[in-house]
Number of protein chains: 2
Amino acid sequence: MARGRPPAFTRSQVVTAAIRVADSEGLEAVTMRRIASEIGAGAMSLYTYVPDREHLADLMVDAAAGEFALPEITGDWRADLLALLTVQRELMRAHPWIPSVLAGRQLAGVNLLRFLEHGLRALEPAGLPGVTRMTLLGLFTGFVTAYVTGERAGRTDARDGAEQIAAAVTSGQFPLLAAVLAEGGDPDLDFARIADWVITGLVDRAAAG
Amino acid sequence: MARGRPPAFTRSQVVTAAIRVADSEGLEAVTMRRIASEIGAGAMSLYTYVPDREHLADLMVDAAAGEFALPEITGDWRADLLALLTVQRELMRAHPWIPSVLAGRQLAGVNLLRFLEHGLRALEPAGLPGVTRMTLLGLFTGFVTAYVTGERAGRTDARDGAEQIAAAVTSGQFPLLAAVLAEGGDPDLDFARIADWVITGLVDRAAAG
DNA sequence: ACTGTTTTTGGTACAGCGTACGAAAAAGGG
DNA sequence: CCCTTTTTCGTACGCTGTACCAAAAACAGT
């Protein structure tokens with residue numbers, strides 16, 4: 001068995017290098033040549049392990065998801081879902097490029113399916129039909145994505161697109177926005193609290209029909 | 001006044017052409033050369049109207065948002081927010097590439113700020129602090145994005161990544177997922193109902209603290 | 001030991017990308 | 001009529017993904 005020239009690398013090696021580069025330099029730094037040189041391979045050798053660049057990005061997301069252990073199921077669906085969403089948040093905070101790979105698509109890698117299966121288990125005691133549970137889990141992930149995005153924007157927008165907002169506010173076209181920004185106030189809406197609103201609010205109403 | 005050679009095109013012309021191409025052939029078909037030839041300009045002439053390709057994408061999102069009129073505010077925040085989210089959904093359905101431009105970032109174009117201002121107005125009767133209102137609106141948008149993404153995935157994944165899911169299901173690693181998929185059942189969770197869960201669930205709990 | 005067979009490696013090459021640069025063109029002001 | 005200002009767009013460069021293919025490296029059978 002094992003005919004042919006033996007592989008000098010592994011798919012996991014490729015994907016891991018790509019994740020490392022994306023984490024430190026952004027997704028646009030992940031080029032085939034760059035990742036190849038990162039592991040000491042020729043550029044074209046990557047194509048033995050990965051069909052193309054787009055597929056590589058998908059594999060990166062799934063591999064990143066695989067880094068995180070899923071919390072035990074306790075049977076308390078509120079707590080279990082909160083724990084799951086907290087892990088998803090950690091995942092996106094650790095790998096800020098994930099939302100842009102996931103955007104507008106729905107991947108089905110093993111580790112992502114693991115998350116989904118876990119969510120279905122957590123939701124079991126709530127007694128909802130299958131389709132509803134699936135839909136809710138998709139929405140939960142959407143919330144986490146939106147929260148993390150807003151969280152990071154709050155940290156960077158202050159320097160980044162601030163002049164655009166400032167101009168808009170001074171223009172007087174957006175009085176409520178201006179008022180809210182003037183009012184300031186610490187965000188201090190911690191993740192656990194909002195996530196609990198989302199979870200409880202949605203599941204309760206879904207159960208009510 | 002008006003010194004110098006007069007412009008042969010307008011920024012809006014560029015952005016409109018880019019939107020048309022993105023709508024019919026996807027965002028990756030939006031290249032500088034392509035858009036230029038679309039309006040009959042030389043490739044480099046675009047840079048008079050747009051700083052670079054990334055900025056063009058941002059302008060596309062804002063211009064697309066500008067196509068949609070915002071519904072009247074009635075004072076019933078539940079209905080008003082539902083109407084707003086419905087418009088946002090229409091926007092993303094009309095321009096499926098929007099989520100991938102928005103992913104992981106927070107734009108501040110005039111038309112997007114108009115949406116935000118409108119949401120703040122709709123939320124006024126709910127009597128929430130400014131920061132909370134802002135956060136909720138961000139989450140609502142995240143919900144719409146997730147819903148639309150799931151909606152389209154339901155239509156295309158059946159042909160697209162189905163073999164990946166099928167393999168996972170047959171593997172026996174994901175019993176609950178397998179059960180849910182076997183159970184089938186029409187999604188039939190219409191947007192208005194779920195959006196109302198989200199709105200009411202979140203606002204109620206936010207009001208409760 | 002030699003000769004297929006099979007697989008991986010990675011160099012070369014190509015089309016297409018964003019865009020820097022600069023000469024030509026087209027307007028108004030003096 | 002020329003000077004200044006602005007826009008136009010051809011040319012060019014470095015970078016991208018990746019098709020193609022010869023060379024290399026392993027095993028199987030004789």
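No experiment lies behind these values; they were computed from the predicted model shown. Chain A is the first sequence line, chain B the second, and so forth, proteins listed ahead of strands; every chain is numbered from 1.
Residue contacts shown for A/Gly42 are limited to sugar-phosphate atoms, with no base heavy atom under 4.0 Å away. Among the heavy atoms of the strands, none lies under 4.0 Å from A/Ala36.
Listed nucleotides: D/dT7, D/dC9, D/dA23. Nearest to the side chain of A/Arg5: D/dA23.
The side chain to side chain contact (heavy atoms under 4.5 Å, CB included) search around A/Pro71 returns A/Ala83, A/Val87, A/His118, not counting sequence neighbours. A search for side chain to side chain contact (heavy atoms under 4.5 Å, CB included) contacts involving A/Ala146 returns B/Leu139, not counting sequence neighbours. Every side chain to side chain contact (heavy atoms under 4.5 Å, CB included) that B/Arg114 has, sequence neighbours left out, goes to A/Phe174, B/Leu70, B/Asn111.
Residue pairs meeting the salt bridge (Lys or Arg N to Asp or Glu O under 4.0 Å) criterion with at least one partner in residues 94-106 of chain A, sequence neighbours excluded, are A/Asp58-A/Arg105. Pairs of residues two or more places apart, or lying in two chains, never qualify as salt bridge (Lys or Arg N to Asp or Glu O under 4.0 Å) while including a residue from residues 39-53 of chain B. Each salt bridge (Lys or Arg N to Asp or Glu O under 4.0 Å) pair with one or both residues in residues 4-23 of chain B, not counting sequence neighbours, appears once here: B/Arg20-B/Glu38.
Where A/Gly40 and B/Arg3 each meet DNA chain C at their nearest nucleotide, the meeting point lying more 5' is that of A/Gly40.
Boundaries of the chain B contact region on DNA chain C are C/dC17 to C/dG29, first to last in 5' to 3' order (nucleotide atom under 4.0 Å from a heavy atom).
B/Ser45 has a side-chain polar atom (N or O) that falls below the 4.0 Å cut-off from OP1 or OP2 of D/dC9.
A salt bridge between A/Arg193 and A/Asp190 is present, with a side-chain N of the basic residue lying under 4.0 Å from a carboxylate O of the acidic one.
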Tabulate below the donor-acceptor pairs under 3.5 Å that side-chain atoms of residues 41-51 of chain A make, not counting sequence neighbours, or state none.
residue: A/Thr48; atom: OG1; partner: A/Ser45; partner atom: O; Å: 3.1
residue: A/Tyr49; atom: OH; partner: A/Ala8; partner atom: N; Å: 3.4
residue: A/Tyr49; atom: OH; partner: A/Phe9; partner atom: N; Å: 3.0
residue: A/Tyr49; atom: OH; partner: A/Phe9; partner atom: O; Å: 3.2

Each nucleotide N or O in nucleotides 17-22 of chain D that has a protein N or O under 3.5 Å away: list the pair and distance.
residue: D/dG17; atom: OP2; partner: A/Met32; partner atom: N; Å: 3.0
residue: D/dG17; atom: N7; partner: A/Arg33; partner atom: NH2; Å: 2.6
residue: D/dG17; atom: O6; partner: A/Arg33; partner atom: NH2; Å: 2.8
residue: D/dT18; atom: OP2; partner: A/Tyr47; partner atom: OH; Å: 3.0
residue: D/dT18; atom: OP2; partner: A/Arg53; partner atom: N; Å: 3.0
residue: D/dT18; atom: O5'; partner: A/Tyr47; partner atom: OH; Å: 3.4
residue: D/dT18; atom: O4; partner: A/Arg33; partner atom: NH1; Å: 3.3
residue: D/dT18; atom: O4; partner: A/Arg33; partner atom: NH2; Å: 3.4

